[in-house]
Amino acid sequence: QNVNAALSMVDESTPQNEEFLADVLQGLSQRNKTLPCKYFYDEKGSQLFEAICDTPEYYITRTEIGILQHNMAQIADLVGPSCDILEFGAGAGVKIQLLLDGLKAPRSYIPIDISMEILESSAQKLARRFPHVDIVPIVGDYHKDIELPEGFLKQTPHKKLVFFPGSTISNFTPEEALGFLARIRKLLAEGDVLLIGVDCIKPTHLLNAAYNDKAGVTAAFNLNLLDRIADTFDTNLASRHFLHHAYFNSQQSRIEMHLVSKRDQIIRIEDKTVRFARGETIHTENSYKYSLHGFKAMAEEAAFETNTVWQDEDKLFSLHYLTA
Ligand code: AVI
């Protein structure tokens with residue numbers, strides 16, 4: 001049995017309904033209404049996200065997998081033998097399996113995720129496939145300060161590899177992304193590695209297509225946030241009165257996702273009311289796109305050495321190998 005019990009509840013920030021409600025009301029009371037994208041991922045939202053990854057327009061997942069497959073031997077040589085892998089967000093999918101298969105005798109895999117259930121099911125799955133790897137799930141929220149148990153990372157002389165795939169960093173603002181990189185850097189000792197997937201700037205029509213897939217999966221993903229609010233709170237909010245809208249904002253180098261009100265409406269959520277004019281939007285997500293140079297500059301500002309970067313042939317996506 002190579003799954004250790006979750007080491008500790010390092011963070012008690014599992015989004016409780018109270019925090020969810022406070023965030024919803026705070027976001028909707030602003031002049032430019034917003035909702036935090038981290039609330040996309042309830043059970044239905046997580047399933048929809050998986051489905052987005054399989055749409056023909058959303059190139060990110062399959063391109064990153066291709067880059068990992070194509071360069072695994074070089075990645076394994078760079079990392080060397082016997083490392084400990086940390087991942088923010090629990091991966092049971094293809095990407096972590098490629099790493100666990102391709103690296104030279106990884107010792108342990110430490111997934112850090114907000115959801116104990118997701119951690120447990122992915123850990124069990126991986127434990128069966130990789131009996132020689134120690135799986136040590138930890139409950140924690142990487143959007144906040146990452147507090148690993150005292151001395152946890154310093155207790156072995158082995159190299160640490162932090163894996164942050166999927167361009168999840170894109171959903172932070174550049175300031176937040178820099179702060180996140182700096183926090184990871186502080187967890188690492190000299191020579192440790194951050195292997196991070198970052199989506200690249202590319203022609204606008206490709207970006208717009210990726211966030212407006214023909215089958216409407218991304219639209220359903222965006223609208224599900226309203227269903228989640230409606231299912232959780234006492235409200236007259238109904239997702240059918242909103243439309244999905246996503247476009248590339250080239251000034252800010254980001255995809256913006258919005259929910260557009262189809263009509264004038266007054267929404268009551270618990271004991272508060274929010275007014276919408278027809279056409280008014282709720283800004284639900286940003287997905288920043290980086291040039292190689294732009295991301296390297298940010299990594300260096302966070303005190304990483306930029307080492308090697310791999311891309312696919314079409315230069316859609318990048319995988320950066322950063323060292324502490
Ligand atoms: C998770 N994240 C990197 C995705 C992205 O591309 O920004 C979330 C997503 N939103 C719409 N489609 C996918």
Side-chain angles (χ1 to χ4, degrees), residues 34-65 67-68 87-96 111-115 118 141-143 163-174 176-177 180-181 195-228 239 242-250 252-260 281-290 295 298 312 316-320:
T34 62
L35 285 171
C37 64
K38 68 174 177 176
Y39 293 114
F40 279 140
Y41 302 94
D42 64 351
E43 207 183 325
K44 175 98 186 290
S46 300
Q47 283 166 4
L48 286 166
F49 178 64
E50 299 278 309
I52 288 174
C53 295
D54 290 336
T55 63
E57 296 92 341
Y58 194 76
Y59 54 84
I60 287 189
T61 314
R62 78 181 84 78
T63 308
E64 187 178 40
I65 289 170
I67 296 172
L68 276 166
E87 183 175 11
F88 296 102
V94 187
K95 293 175 210 168
I96 189 60
I112 301 166
D113 197 274
I114 202 163
S115 154
I118 293 177
D141 182 358
Y142 61 78
H143 293 90
F163 186 43
F164 199 55
S167 203
T168 305
I169 194 144
S170 286
N171 301 128
F172 292 132
T173 64
E176 289 165 346
F180 176 74
L181 290 177
L195 186 63
I196 182 167
V198 184
D199 198 15
C200 299
I201 297 170
K202 61 184 59 64
T204 301
H205 71 276
L206 294 177
L207 286 167
N208 285 340
Y211 292 80
N212 290 284
D213 63 279
K214 287 220 173 83
V217 187
T218 309
F221 173 73
N222 199 8
L223 288 160
N224 179 61
L225 183 51
L226 299 181
D227 293 335
R228 182 178 183 181
S239 62
F242 290 83
L243 282 172
H244 165 74
H245 179 53
Y247 68 99
F248 186 58
N249 176 336
S250 58
Q252 306 267 9
S253 195
R254 68 189 190 198
I255 284 281
E256 292 188 13
M257 291 219 307
H258 293 259
L259 290 161
V260 187
T281 82
I282 310 171
H283 189 164
T284 51
E285 188 182 57
N286 289 316
S287 190
Y288 283 85
K289 309 300 169 189
Y290 291 92
F295 188 76
M298 183 156 86
D312 55 297
L316 298 176
F317 198 83
S318 60
L319 184 67
H320 291 253

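Atoms considered below: every heavy atom in the structure, side chains included; atoms not considered: hydrogens, waters and symmetry mates. For the single chain, residues carry numbers from 1 onward in sequence order. Whatever order the structure lists them in is the order used to number ligands and atoms, beginning at 1.
The contact set between ligand 1 and S287, taken as ligand atoms under 4.0 Å from a residue heavy atom, comprises 5 (C), 6 (O), 7 (O). Atoms of ligand 1 found under 4.0 Å from any heavy atom of Y41 (numbered from 1 in listed order, with element): 1 (C), 8 (C). The atoms of ligand 1 that sit less than 4.0 Å from any heavy atom of G166 are 3 (C). Atoms of ligand 1 lying under 4.0 Å from any heavy atom of S167, numbered from 1 in the order shown and given with element: 3 (C).
A donor and an acceptor atom, one from each side chain of D42 and N224, are located under 3.5 Å apart. Counting only N and O atoms by type, the side chains of T284 and N222 include a donor and acceptor under 3.5 Å apart. When only modelled atom types and interatomic distance are considered, S287 and K289 share a side-chain donor-acceptor pair under 3.5 Å.
In terms of polar-atom proximity, defined here as any N/O pair under 3.5 Å, S170 makes no such contact with ligand 1. Taking only nitrogen or oxygen atoms, main chain and side chain alike, E285 reaches within less than 3.5 Å of ligand 1. Between Y58 and ligand 1, a contact under 3.5 Å exists for at least one N or O pair. Inclusion of Y211 in the set of residues having an N or O under 3.5 Å from an N or O of ligand 1 is warranted.
Only the side chain of N171 comes within contact range of ligand 1, with a heavy atom under 4.0 Å; no backbone atom does. Neither the backbone nor the side chain of Y288 has any atom closer than 4.0 Å to an atom of ligand 1 (non-hydrogen atoms only).
Ring to ring, Y290 and F317 are not that close: their centroids are 6.0 angstrom or more apart. The aromatic ring centroids of Y288 and F172 lie 6.0 Å or more from each other. The ring of Y247 has its center no closer than 6.0 angstrom to the ring center of Y211.
Within the structure, ligand 1 has F49 among the residues with a heavy atom less than 4.0 angstrom away.
Separating the CD1 atom in I196 from the CD1 atom in I169 is a distance of 4.0 Å, to the nearest 0.5 Å.
Applying the side chain to side chain donor-acceptor pair (under 3.5 Å) rule to T281 yields the partners H258; only residues at least two apart in sequence or on another chain are considered.
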